[in-house]
Amino acid sequence: MDVRFSGQALYCQISRAELATLGSGRSVDLIVSLPRHRSFRVSVRPSAMSADHGGWQLESDPTGLWLTIPHAELQQLGQTETFAERLMRDFPVSSSQKIQVILEAEPEAQPEERSVIEITPHEPSE
């Protein structure tokens, strides 16, 4: 799973294998190691509850984020092999703000390889 934050959005991209894991009732986790022996976890898990009965949930604390998505909605993903498919949901974070959560299942077909230029900052000599 790849996770990106952008403005007031949380973008989670999963593979078809991870979608199958969610479909079998298990969670998919991304754990990022941080300095001082800490880590940050993003966990996506299925829920047996429907969307109108609280199936969508977003919880957080300083150690991570936990996104719960109704199993029935997860089953809508993975219907095509060539297009990415998305589920989107807004969650309130205050009376005037919200965060948009986007879960995208990657297509089976691998996209064309892209060129990447990596820039490494110069570390000062000691």
Side-chain angles (χ1 to χ4, degrees):
M1 174 168 54
D2 290 325
V3 176
R4 290 192 313 253
F5 294 91
S6 175
Q8 285 302 111
L10 169 64
Y11 180 84
C12 301
Q13 188 176 42
I14 60 173
S15 68
R16 295 299 166 119
E18 290 167 325
L19 180 59
T21 298
L22 290 169
S24 70
R26 296 175 301 178
S27 68
V28 174
D29 299 303
L30 172 69
I31 301 172
V32 179
S33 296
L34 299 171
R36 293 191 229 146
H37 306 289
R38 295 197 175 132
S39 63
F40 188 82
R41 173 187 302 261
V42 177
S43 182
V44 177
R45 55 191 170 195
S47 170
M49 292 188 286
S50 65
D52 56 344
H53 288 99
W56 279 92
Q57 295 177 15
L58 180 63
E59 301 294 330
S60 68
D61 70 21
T63 65
L65 294 165
W66 293 267
L67 174 63
T68 306
I69 301 174
H71 188 268
E73 293 191 32
L74 287 168
Q75 289 180 319
Q76 296 174 17
L77 296 177
Q79 302 300 314
T80 163
E81 294 182 9
T82 56
F83 294 101
E85 298 164 299
R86 291 182 174 175
L87 293 175
M88 297 189 298
R89 180 76 171 210
D90 291 338
F91 292 91
V93 293
S94 71
S95 60
S96 61
Q97 289 186 314
K98 62 183 177 180
I99 184 168
Q100 183 177 52
V101 175
I102 302 158
L103 177 72
E104 181 177 277
E106 298 174 329
E108 283 290 333
Q110 292 297 321
E112 295 294 323
E113 289 210 22
R114 59 184 176 155
S115 299
V116 176
I117 297 174
E118 183 173 323
I119 301 172
T120 305
H122 173 70
E123 293 188 29
S125 331
E126 292 183 42

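Since we're looking at a predicted model, the values are computed, not measured.
- A salt bridge (charged side-chain N to carboxylate O under 4.0 Å, His left out) check over residues 28-41, counting only residues at least two apart or in different chains, returns the pairs Asp29-Arg41.
- Contact check for Leu67 versus Val101: side-chain heavy atoms found under the 4.5 Å cut-off.
- Cluster annotation: Leu22 and Ile31 are assigned to distinct hydrophobic clusters (Ile/Leu/Val/Met/Phe/Trp/Tyr, side-chain heavy-atom contacts under 4.5 Å, transitive).
- The distance from the CD atom of Gln76 to the CD atom of Glu85 is 9.5 Å, given to the nearest 0.5 Å.
- Once rounded to the nearest 0.5 Å, the distance linking SG of Cys12 with CZ of Arg86 reads 11.5 Å.
- Using modelled atom types, no side-chain atom of His71 and backbone atom of Met49 make a donor-acceptor pair closer than 3.5 Å.
- Not counting sequence neighbours, Arg26 has no partner by the salt bridge (Lys or Arg N to Asp or Glu O under 4.0 Å) test.
- Under a hydrophobic-cluster definition in which Ile, Leu, Val, Met, Phe, Trp and Tyr are linked whenever side-chain heavy atoms come within less than 4.5 Å, directly or via other members, Leu30 and Phe40 are assigned to the same cluster.
- Not a single salt bridge (Lys or Arg N to Asp or Glu O under 4.0 Å) links Glu59 to another residue, sequence neighbours left out.
- Taking Thr21 as the reference, nothing meets the side chain to side chain donor-acceptor pair (under 3.5 Å) condition, with sequence neighbours excluded.
- The minimum heavy-atom distance between Ser15 and Glu106, with the atom names listed, is CA-OE1, 3.8 Å.
- Residues that satisfy the side chain to side chain donor-acceptor pair (under 3.5 Å) test with Ser95, not counting sequence neighbours, are absent from this structure.
- Applying the side chain to side chain donor-acceptor pair (under 3.5 Å) criterion to Asp2, with sequence neighbours excluded, gives no partner residue.
- Applying the side chain to side chain contact (heavy atoms under 4.5 Å, CB included) criterion to Val93, with sequence neighbours excluded, gives Gln8, Gln97, Ile99.
- Annotation: side chain to side chain contact (heavy atoms under 4.5 Å, CB included) contacts of Ser6 (sequence neighbours excluded): none.
- Partners of Ser60 according to the side chain to side chain donor-acceptor pair (under 3.5 Å) rule, which considers only residues two or more places apart in sequence or in another chain, do not exist here.
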Next item on the list: Given side-chain contact (heavy atoms from CB on, under 4.5 Å), test Trp56 with Ile69 step by step and report yes or no.
Entry: CA-CA 5 Å; Trp56 279 92; Ile69 301 174; 3.6 Å; yes
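- The hydrophobic cluster around Ile102 extends to Tyr11, Met88, counting ILVMFWY residues whose side-chain heavy atoms fall within less than 4.5 Å of a member.
- Tracing side-chain contacts under 4.5 Å through hydrophobic residues (I, L, V, M, F, W, Y), one never reaches Val32 starting from Trp66; they form parts of separate clusters.
- The shortest non-hydrogen separation linking Leu74 to Leu19 is O-CD1, 3.9 Å.
- Contact check for Val3 versus Met1: side-chain heavy atoms found under the 4.5 Å cut-off.
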